[in-house]
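What you are looking at is a predicted structure, and each value in this text was computed from that prediction instead of being measured.
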Amino acid sequence: MQIALFDSWNGKFSNDIRQHWEELGHKVVVNPRWEDLNQVDINFFYQADNALIKATREVNLPGRIYAQCVDIEVWAGQAAAVDWNKVSGVIFMAEHIKEMVNQQTHVSCPQVVIKPGVNTDKFTLREKPDFSKPIRKIAYVVGDRRIWDVKRLDIVFQLLRDLLDSTNLIWQLHIRGTYSSHEQYNAYCRHLQKDLRLDDFVVWHENRVEDMNIWLEDKDYFILPSTKEAFSYATAETMSKGIKPIIGNWQSAKETWGKFVCETYGQMLAELTKGVYEPEKYRQYVVEHYDQKRYLNDLDNFILKGGELR
């Protein structure tokens, strides 16, 4: 079978899908030009964004079209501009994303929620940190390397200041990412870093991290007080490493991450200072809920086998 895989994020999360389908014997081409699509059996759009809009409204593609609604394109209204009559099936990462799309537009094709999967084998379980040492390292990871307002770096800066003021420990915030084009929010965060006297405690890692398993090796906590997510691969990866997550209460966060969600600022602060730390449980939660083999099998059944989960 010949499959065209469209991913506006250039394979950042879809590489495992491509490799899996190639291992099954299928020929997969990533982000082909429209004019090169002559004998394609399936077109899979990893995001329901502008590429899918064009494919369903301007281009007469050969083969069936399947799509996945991730998150940001739904909030931006792109999914509502798709001609769903041209689509054979749509996947949603989370139930609330499905509800949003169906409120925005009429989706005429089969719909299914398939929760993402993570390859935990890429991450070695780290032992519980040596808390006899006076330093604590917090990882703040942005998936696309661009920090914008919904990720709430301002809250992280305020937490860091409170930790420095309320404990006799040295706290470091390690940021994997860089500022985005949201200049007003960027200016606010730069102001906070300076005004809260955090320059000596914030470490920016702006370059691409080739191996997150290695980068996370010396981190003690992971924090993400985001206002919106469909899943958060960064959370899954750090928990796979056995690092304690401090997760904000965004819409559907409790359905995704259960008891690891903090409802308030005070609870986030408490979770960073209390002694409970269980690396095996963090990793096991990902293994039980977001197994990659299950995820790929669900994709196969829905996309390659005619649109049914088996």
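Judged purely by distance below 3.5 Å, without hydrogens or angles, the side chains of Q267 and N249 never pair a donor atom with an acceptor atom. Checking E229 against S232 by side-chain atom types alone, no donor-acceptor pair falls below 3.5 Å.
The CD atom of E237 sits 8.0 Å away from the NZ atom of K122 when rounded to the nearest 0.5 Å. Between the OG1 atom of T273 and the CG atom of L169 there is a distance of 9.5 Å, given to the nearest 0.5 Å. To the nearest 0.5 angstrom, H106 atom NE2 is 6.5 Å from N85 atom CG.
Using cut-offs of 30° and 60° for the angle between ring planes, the Y46 and W9 rings count as perpendicular. Between Y285 and H289, the ring planes are parallel. Angles under 30° get that label, and only those over 60° would be called perpendicular. The aromatic rings of Y277 and Y282 lie perpendicular to each other, with more than 60° between the two planes, well past the 30° mark. The aromatic rings of Y221 and F131 sit parallel, their planes meeting at an angle under 30°, below the 60° perpendicular limit.
Looking only at side-chain heavy atoms (C-beta outward), T124 and K241 come within less than 4.5 Å of each other. Taking 4.5 Å as the limit, every side-chain heavy atom of L37 sits out of range of all side-chain heavy atoms of V59.
Other residues, nucleotides and ligands place more than 12 heavy atoms under 6.0 Å from the NZ atom of K228.
One N or O on the side chain of W84 and one on the backbone of A79 form a donor-acceptor pair closer than 3.5 Å. Using modelled atom types, no side-chain atom of R64 and backbone atom of S88 make a donor-acceptor pair closer than 3.5 Å.
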Begin from the C-alpha positions of D154 and Y185 and carry the test side chain to side chain donor-acceptor pair (under 3.5 Å) through to its verdict.
-> CA-CA 9 Å; D154 56 309; Y185 184 70; 2.6 Å; yes
Take D16 and Y295 through the test side chain to side chain donor-acceptor pair (under 3.5 Å) and record every step on the way to the result.
-> CA-CA 11 Å; D16 287 341; Y295 169 65; over 6 Å; no
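W215 and L125 fall into different hydrophobic clusters, where Ile, Leu, Val, Met, Phe, Trp and Tyr residues are linked whenever their side-chain heavy atoms come under 4.5 Å apart, directly or through other members.
For W204 and Y140, the ring centers are positioned 6.0 Å apart or more. Aromatic ring centroids of Y66 and F44 lie 6.0 Å or more apart.
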